[in-house]
Colleague: 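Below is the structure I would like to discuss, written out as structure tokens.
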Amino acid sequence: MSENSQFRFGAATGVGSMPGGDAREAAKTVTGTFEDFPFLPELPARGPGADMIGRTAGLLVELYARVEPSGWRLGDRPGRDTKRARSWLGEDLDALEEFTQEYEGPLKVQAVGPWTLAASLELRNGEAALSDAGACRDLAASLAEGLRLHLAEVRRRIPGAQLVLQLDEPSLTAVLRGQVKSASGYRTHRAVDRQVVEQTLRDLVGTHTAGPVVVHSCAPDVPFALLRRAGAAAVSFDFSLLTERDDEAIGEAVEGGTRLFTGVVPGAEGPLSDPAGSVMGVRTLWRRLGLSPGLLAEAVTVTPACGLAGASPGYARTALAHCARAARSLADNPE
């Protein structure tokens with residue numbers, strides 16, 4: 001079993017992003033829906049600095065980024081974009097702190113992982129940091145220190161929380177396959193060696209010694225085995241993108257004590273099935289793999305397929321509540 005297999009994860013939670021711009025409303029929704037596994041909401045609709053990349057860029061230590069027409073670019077000093085990102089994060093932490101008084105239990109905090117960050121942040125020449133091995137190393141080191149300070153701040157504000165760090169890596173498969181486009185769009189950056197990718201993630205996971213790390217990607221072909229070797233205690237993914245090619249890796253993950261954050265509730269607006277129907281695919285997978293139904297509640301956390309930033313506030317609330325009900329269905333009727 002993995003070293004974090006004894007950690008008590010909640011049965012359901014969200015991915016991270018929520019619609020709208022009201023931090024208090026988002027925190028109230030999240031903490032009210034997931035009483036045993038809330039998360040720090042992200043509200044990208046507020047603009048640059050509240051988006052996924054800008055928010056994490058604001059956490060970096062001794063590296064700064066600003067918004068250019070082409071995206072976020074590394075620069076020499078903190079500017080208004082960095083300050084705005086830090087200000088919004090502070091507002092979100094204030095709201096979460098207000099609604100988690102006396103809370104004790106797992107609490108999830110999200111940040112962009114080192115490889116998606118390297119694929120998304122530009123160097124001064126306009127190319128992705130991914131194009132420069134030294135820049136990738138500097139970025140990962142800066143991120144590790146920034147996350148250490150961020151998690152210490154969350155711990156100070158919510159001392160009863162057991163912090164779960166989620167690293168968002170939607171670009172990870174593209175990095176491994178050499179599919180990240182250059183600035184011109186006419187070529188792609190060469191694939192990064194799998195051992196370098198794995199070691200960078202392992203080093204970053206190792207800095208969060210006080211709790212487990214979950215790696216999230218809602219892209220196809222999530223590299224489950226690589227993430228497990230890098231020390232991820234859980235992998236979060238869009239369940240609808242799984243194919244039978246993933247069966248062996250998932251079976252090994254479950255048997256090795258890795259938790260699955262199964263994204264079974266659509267992130268986009270639309271009709272929802274009943275809660276039992278939402279987790280039917282998980283039960284079917286379990287039977288196909290020959291896994292014990294009794295393992296389901298121990299091994300699975302139910303989530304939306306991806307972030308909910310693009311949904312309406314009403315659908316986002318419904319989707320999160322649906323996750324909680326689907327998780328109960330899975331626990332009550334594992335067969």
Side-chain angles (χ1 to χ4, degrees), residues 8-56 58-59 83-112 146-147 149-168 208 210-212 214 216 236 261 263 265 267 301-325 327:
R8 300 305 301 171
F9 289 97
T13 191
V15 170
S17 68
M18 294 283 285
D22 187 330
R24 287 189 77 254
E25 185 60 35
K28 183 180 176 185
T29 296
V30 163
T31 54
T33 307
F34 303 118
E35 292 178 3
D36 64 349
F37 199 5
F39 63 96
L40 176 63
E42 301 163 356
L43 302 171
R46 292 178 298 196
D51 62 297
M52 188 170 84
I53 300 301
R55 186 181 183 88
T56 300
L59 295 174
K83 289 173 184 157
R84 189 187 294 132
R86 291 175 178 173
S87 171
W88 272 324
L89 180 58
E91 192 180 299
D92 295 339
L93 287 171
D94 289 344
L96 188 66
E97 184 180 2
E98 178 185 345
F99 289 101
T100 50
Q101 296 295 310
E102 312 301 320
Y103 176 72
E104 294 184 355
L107 170 71
K108 185 163 68 69
V109 177
Q110 306 83 218
V112 176
L147 286 172
L149 295 171
H150 177 44
L151 292 166
E153 171 67 7
V154 179
R155 200 172 291 116
R156 184 186 68 75
R157 287 168 173 264
I158 312 168
Q162 299 158 330
L163 296 186
V164 177
L165 172 61
Q166 175 178 304
L167 296 174
D168 291 319
H208 182 41
V214 50
H216 167 72
S236 170
F261 281 43
V265 177
T301 293
V302 177
T303 73
C306 212
L308 294 166
S312 70
Y315 178 78
R317 286 191 297 272
T318 300
L320 294 183
H322 195 83
C323 289
R325 286 197 294 271

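If you're wondering where the values come from, they're calculated on a predicted model, not measured in any experiment.
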Colleague: What closest approach, in Å, do P304 and G14 show between heavy atoms, and which atom pair accounts for it?
Modeller: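 What the structure gives for the nearest pair is CD-CA, 3.9 Å.
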Colleague: Counting C-beta onward and ignoring hydrogens, is there a side-chain heavy-atom pair between P38 and F99 closer than 4.5 Å?
Modeller: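 A side-chain contact is absent here, since even the closest heavy-atom pair is not under 4.5 Å.
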Colleague: Could you give the distance from CG (L320) to CZ (F34), rounded to the nearest 0.5 Å?
Modeller: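 Rounded to the nearest 0.5 Å, the CG-CZ separation comes out at 4.5 Å.
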Colleague: Testing the basics here: between A316 and M18, what is the closest heavy-atom pair and its distance to 0.1 Å?
Modeller: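 So the two residues come closest at CB-CE, 4.4 Å.
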Colleague: What side-chain hydrogen bond (donor to acceptor under 3.5 Å, both in side chains) pairs are there with at least one residue in residues 302-319, not counting sequence neighbours?
Modeller: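 For residues 302-319: E269-S312.
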Colleague: The criterion is side chain to side chain donor-acceptor pair (under 3.5 Å); which residues satisfy it with E42, sequence neighbours excluded?
Modeller: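 Q110.
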Colleague: At their closest point, which heavy atom of S17 faces which heavy atom of P44, and how far apart are they?
Modeller: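 What the structure gives for the nearest pair is CB-CD, 4.1 Å.
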Colleague: Measure the shortest side-chain to side-chain distance between F261 and K108 over non-hydrogen atoms and say whether it is less than 4.5 angstrom.
Modeller: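 The answer is yes; the side chains approach within 4.5 Å.
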Colleague: Taking C-beta and beyond as the side chain, do R84 and P48 meet within less than 4.5 Å on heavy atoms?
Modeller: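 R84 reaches P48 side chain to side chain.
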Colleague: Ignoring hydrogens, what is the shortest heavy-atom contact between A85 and G58? Give both atom names and the distance.
Modeller: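 Nearest heavy atoms, A85 then G58: CB-CA, 4.2 Å.
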Colleague: Using a 3.5 Å distance criterion without hydrogens, assess whether the side chain of D92 forms a donor-acceptor pair with backbone atoms of G90.
Modeller: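 Checked: no pair found.
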Colleague: For E102, does the CD atom sit with more than 12 other heavy atoms under 6.0 Å from it, leaving out its own atoms?
Modeller: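 Not buried by this count: 12 neighbours or fewer within 6.0 Å.
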Colleague: Identify which one of L40, T13, L96 satisfies the side-chain contact (heavy atoms from CB on, under 4.5 Å) criterion when paired with L107.
Modeller: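 For L107, the side-chain contact (heavy atoms from CB on, under 4.5 Å) check succeeds only for L96.
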Colleague: For C306, enumerate each residue passing the disulfide (SG to SG under 2.5 Å) test, keeping only those at least two apart in sequence or located in another chain.
Modeller: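 Applying disulfide (SG to SG under 2.5 Å) to C306 gives C218.
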Colleague: For T301, check side chain to side chain donor-acceptor pair (under 3.5 Å) against everything at least two apart and list the hits.
Modeller: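 Side chain to side chain donor-acceptor pair (under 3.5 Å) list for T301, sorted by chain: R259.
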Colleague: With V214 as reference, evaluate L167, V164, D168 under the side-chain contact (heavy atoms from CB on, under 4.5 Å) test and give the passing residue.
Modeller: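 Only one option passes, and that is V164.
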Colleague: Check whether T33 reaches the backbone of T29 with its side chain - one donor and one acceptor, N or O, closer than 3.5 Å.
Modeller: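 Side chain of T33 to backbone of T29, a donor-acceptor pair under 3.5 Å: yes, one is there.
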Colleague: Can you pull out every side-chain hydrogen bond (donor to acceptor under 3.5 Å, both in side chains) where at least one residue sits in residues 150-165? Sequence neighbours excluded, please.
Modeller: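 Every pair satisfying side-chain hydrogen bond (donor to acceptor under 3.5 Å, both in side chains) with a residue in residues 150-165: D94-R157, E97-R157, E153-R156, E153-R157.
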Colleague: Looking at CG of L59 and CG of L149, how far apart are the two atoms once the value is rounded to the nearest 0.5 Å?
Modeller: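 Result: 9.0 Å between the selected atoms.
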Colleague: Could you list the residues that satisfy side chain to side chain contact (heavy atoms under 4.5 Å, CB included) with A50, not counting sequence neighbours?
Modeller: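 Applying side chain to side chain contact (heavy atoms under 4.5 Å, CB included) to A50 gives R46, W88.
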Colleague: D36: which residues meet the salt bridge (Lys or Arg N to Asp or Glu O under 4.0 Å) condition with it, sequence neighbours left out?
Modeller: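 Checked D36 against salt bridge (Lys or Arg N to Asp or Glu O under 4.0 Å); zero matches.
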Colleague: Please list all pairs passing the salt bridge (charged side-chain N to carboxylate O under 4.0 Å, His left out) test where one or both residues lie in residues 9-27, with sequence neighbours left out.
Modeller: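 Those involving residues 9-27 are R24-E98.
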Colleague: According to side chain to side chain donor-acceptor pair (under 3.5 Å), who are the partners of R325, at least two apart in sequence or on a separate chain?
Modeller: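 Side chain to side chain donor-acceptor pair (under 3.5 Å) check on R325 returns nothing, list empty.
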Colleague: For A305, enumerate each residue passing the side chain to side chain contact (heavy atoms under 4.5 Å, CB included) test, keeping only those at least two apart in sequence or located in another chain.
Modeller: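 In terms of side chain to side chain contact (heavy atoms under 4.5 Å, CB included), with neighbours along the sequence ignored, A305 is linked to D238.
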Colleague: Using every non-hydrogen atom in the two residues, find where R8 and P106 come nearest and quote the distance to one decimal.
Modeller: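 What the structure gives for the nearest pair is O-CG, 3.4 Å.
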Colleague: Report yes if some heavy atom in the side chain of V302 is under 4.5 Å from a heavy atom in the side chain of H322; otherwise report no.
Modeller: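 V302 vs H322: side chains apart.
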Colleague: Do you know the tightest heavy-atom contact between M52 and V112?
Modeller: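 Shortest heavy-atom separation between M52 and V112 comes out as CG-CG2, 3.1 Å.
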